[in-house]
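Keep in mind that what you see is a predicted model, and the values were worked out from it rather than measured. The sequence lines fix the lettering, A, B, ..., with proteins before strands; numbering per chain opens at 1.
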There are 2 protein chains.
Amino acid sequence: MALHDRIRTEIEGQILSGTLQPGDKVPSELELMAHYGCSRMTVSKALTALSGAGLLQRRKRAGTVVAPRPTETMVLDVPDLAVEIARRGQAYRFQLIGRDIRPPRPEDELDEGLARAGLLLFVRGVHSADDEPIAYEERFISLTAVPEITEADFSVESPGSWLLRHIPWTEAENRIGAVGAHPDWAARLNIAPGTACLSIERKTWRGDERITLVRQKFVAGSFELVARFGAA
Amino acid sequence: MALHDRIRTEIEGQILSGTLQPGDKVPSELELMAHYGCSRMTVSKALTALSGAGLLQRRKRAGTVVAPRPTETMVLDVPDLAVEIARRGQAYRFQLIGRDIRPPRPEDELDEGLARAGLLLFVRGVHSADDEPIAYEERFISLTAVPEITEADFSVESPGSWLLRHIPWTEAENRIGAVGAHPDWAARLNIAPGTACLSIERKTWRGDERITLVRQKFVAGSFELVARFGAA
DNA sequence: CCGGTTATAATGTATAGACATATATTGCGC
DNA sequence: GCGCAATATATGTCTATACATTATAACCGG
């Protein structure tokens with residue numbers, strides 16, 4: 001392991017193990033370079049990395065301190081459904097229910113960004129694995145931002161996959177909750193209204209431009225999000 | 001803005017905007033240092049940062065290429081419930097239902113790590129906001145790893161908050177799903193059995209040592225997880 | 001044409017030094 | 001004492017250089 005990596009790992013270990021508490025001062029670069037017998041750049045690289053990871057806070061003249069334990073933050077993988085289902089060894093299918101080009105309506109409960117985006121492509125469909133419905137999806141796509149999507153064929157590929165391949169987003173926001181199945185779409189999932197579903201609403205942007213809003217309902221038990229955080 | 005920051009931002013922008021596609025080759029450090037008229041270290045710093053963020057892949061001799069678009073990965077904040085509810089301006093309370101020291105049982109459906117951890121502290125309780133129940137929680141804590149928790153007073157503080165303050169974890173795994181309320185605890189939340197709930201199961205480790213497993217059920221609509229990813 | 005060896009091009013790591021910048025501390029004048 | 005200016009300290013940025021490492025590419029013998 002490289003020296004700067006070793007330094008980083010050692011300090012990281014002291015923080016994660018609690019030996020160094022939030023607010024505690026970390027030795028200055030000069031002290032560390034004496035301790036490890038290396039140049040300042042090497043120490044600096046280690047500390048800068050930890051600072052970037054949010055474990056340390058560095059201020060000129062004041063020195064380096066352990067960052068306050070943040071709101072527990074973990075990395076959440078939001079997989080492409082088609083890929084995820086294929087990985088389980090099941091046959092993925094997206095079944096289009098409806099496709100509509102129209103202006104936003106009040107009952108869509110859109111956010112400001114999309115409500116003022118002009119014409120929208122509104123797509124509804126069901127994701128299924130081995131012909132078992134897994135999730136119902138409603139999606140609004142700004143035609144101002146993505147005019148070329150009118151040519152996409154959603155009987156082959158889900159709108160999500162299409163967007164993922166064609167329009168990189170730069171910013172996204174997910175809201176994750178639970179909800180009882182609504183009569184309007186419960187039948188699409190072969191479940192009784194009121195059955196528990198995992199609800200995911202995602203908005204994406206490219207720069208300042210709103211791209212899409214999607215609301216997905218997963219039958220309880222059919223799908224789980226897994227978030228993992230930690231070393232290694 | 002520092003030069004290495006500018007370089008990083010410019011390349012990042014080209015990736016996020018799609019100008020540079022996954023697999024595309026990024027100019028070599030030599031070319032970039034000619035382009036920006038700076039030293040190699042400066043270019044390297046920018047590229048190393050982007051590599052650390054997962055946007056680039058660097059290989060000796062082969063050069064630097066744009067990383068394949070990963071499974072969409074976003075940062076998920078898992079707030080301390082007490083803090084989160086306080087932020088909403090509501091009064092947080094944890095009501096202890098039961099507290100038990102006993103060995104693991106098969107019906108606990110624990111993972112290997114905890115099942116073999118020896119004695120466990122088993123705690124059940126309800127989180128409430130303004131005396132409205134929000135979440136039901138079952139938690140198993142390894143007494144081997146955290147013997148001092150027997151002295152904690154959970155009528156004052158939830159086990160989660162106590163652990164957060166006393167035992168830093170180094171690794172954690174969350175599973176997020178939806179589930180219909182089980183009769184055993186539906187009444188605790190003042191809801192009918194079968195009502196949709198958001199289910200979170202979290203395991204934490206400190207090093208190789210299993211610390212705790214917690215299962216929380218949130219009444220649908222009372223709580224949402226928000227994950228945000230992007231620049232700035 | 002195949003397979004192994006060698007050369008080479010890229011990144012990886014590290015050094016020593018210079019100057020810039022922000023800020024906590026000190027001390028001075030009042 | 002109080003407020004402002006000077007000073008010292010720690011980090012931030014950057015350069016120029018050196019050598020290490022590694023995967024690709026080129027070469028060459030059989």
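- Between the side chains of Tyr136(A) and Glu138(A), a donor-acceptor pair is found at a separation under 3.5 Å.
- Of the options Ile141(A), Leu121(A), Leu119(A), Leu143(A), a side chain to side chain contact (heavy atoms under 4.5 Å, CB included) to Thr150(A) is made by Leu143(A) and by none of the others.
- Residues satisfying the side-chain hydrogen bond (donor to acceptor under 3.5 Å, both in side chains) test with Asp130(A), not counting sequence neighbours, are none.
- Rounded to a whole Å, the CZ atom of Arg6(B) is 15 Å from the C1' atom of dC14(D).
- Salt bridge status for Glu29(B) with Arg58(B): present, with a side-chain N to carboxylate O gap under 4.0 Å.
- Here dG12(D) presents its P atom at 12 Å from CD of Gln57(A), a figure rounded to the nearest Å.
- The distance from atom CG of Leu30(B) to atom P of dA16(D) is 13 Å, rounded to the nearest whole Å.
- The aromatic rings of Phe122(A) and Phe140(A) sit parallel to each other, their planes meeting at less than 30°, with 60° as the upper class boundary.
- Whole-Å rounding puts the Glu29(B) CD to dT21(D) P distance at 18 Å.
- Ser158(B) OG to Arg93(B) CZ: the interatomic distance, rounded to the nearest 0.5 Å, is 13.0 Å.
- Taking the centre and axis of the six-membered ring of Trp169(A), the NZ or CZ atom of Arg206(A) falls outside the cone set by 45° and 6.0 Å.
- Taking the six-membered ring where tryptophan is involved, the planes of Trp162(B) and Phe154(B) are perpendicular, since the angle between them exceeds 60° and thus also 30°.
- Within residues 35-45 of chain A, the residues having any heavy atom closer than 4.0 Å to DNA chain C are, in order of number, Cys38(A), Ser39(A), Arg40(A), Met41(A), Thr42(A).
- Look at CZ on Arg59(B): it is 8 Å from P on dA23(D), rounded to the nearest Å.
- Note that the first and last nucleotides of DNA chain C, 5' to 3', having any atom under 4.0 angstrom from a heavy atom of chain B are dT8(C) to dA14(C).
- Between Lys60(A) and Leu3(A), the residue anchored nearer the 5' end of DNA chain C, judged by the nucleotide with its closest heavy atom, is Leu3(A).
- Nearer the 5' end of DNA chain D, as judged by each residue's closest nucleotide, is the contact made by Arg61(A), out of Arg61(A) and Ala2(B).
- Remark: Arg88(B) does not engage Glu84(B) in a salt bridge, criterion side-chain N to carboxylate O under 4.0 Å.
- One finds a side-chain N or O of Thr64(A) lying less than 4.0 angstrom from the OP1 or OP2 phosphate oxygen of dT11(D).
- In this structure, CG of Leu50(A) is placed 13 Å from P of dT11(D), rounded to the nearest angstrom.
- Taking atom CG on Asp5(B) and atom P on dT13(D), their separation rounds to 7 Å, with Å as the unit.
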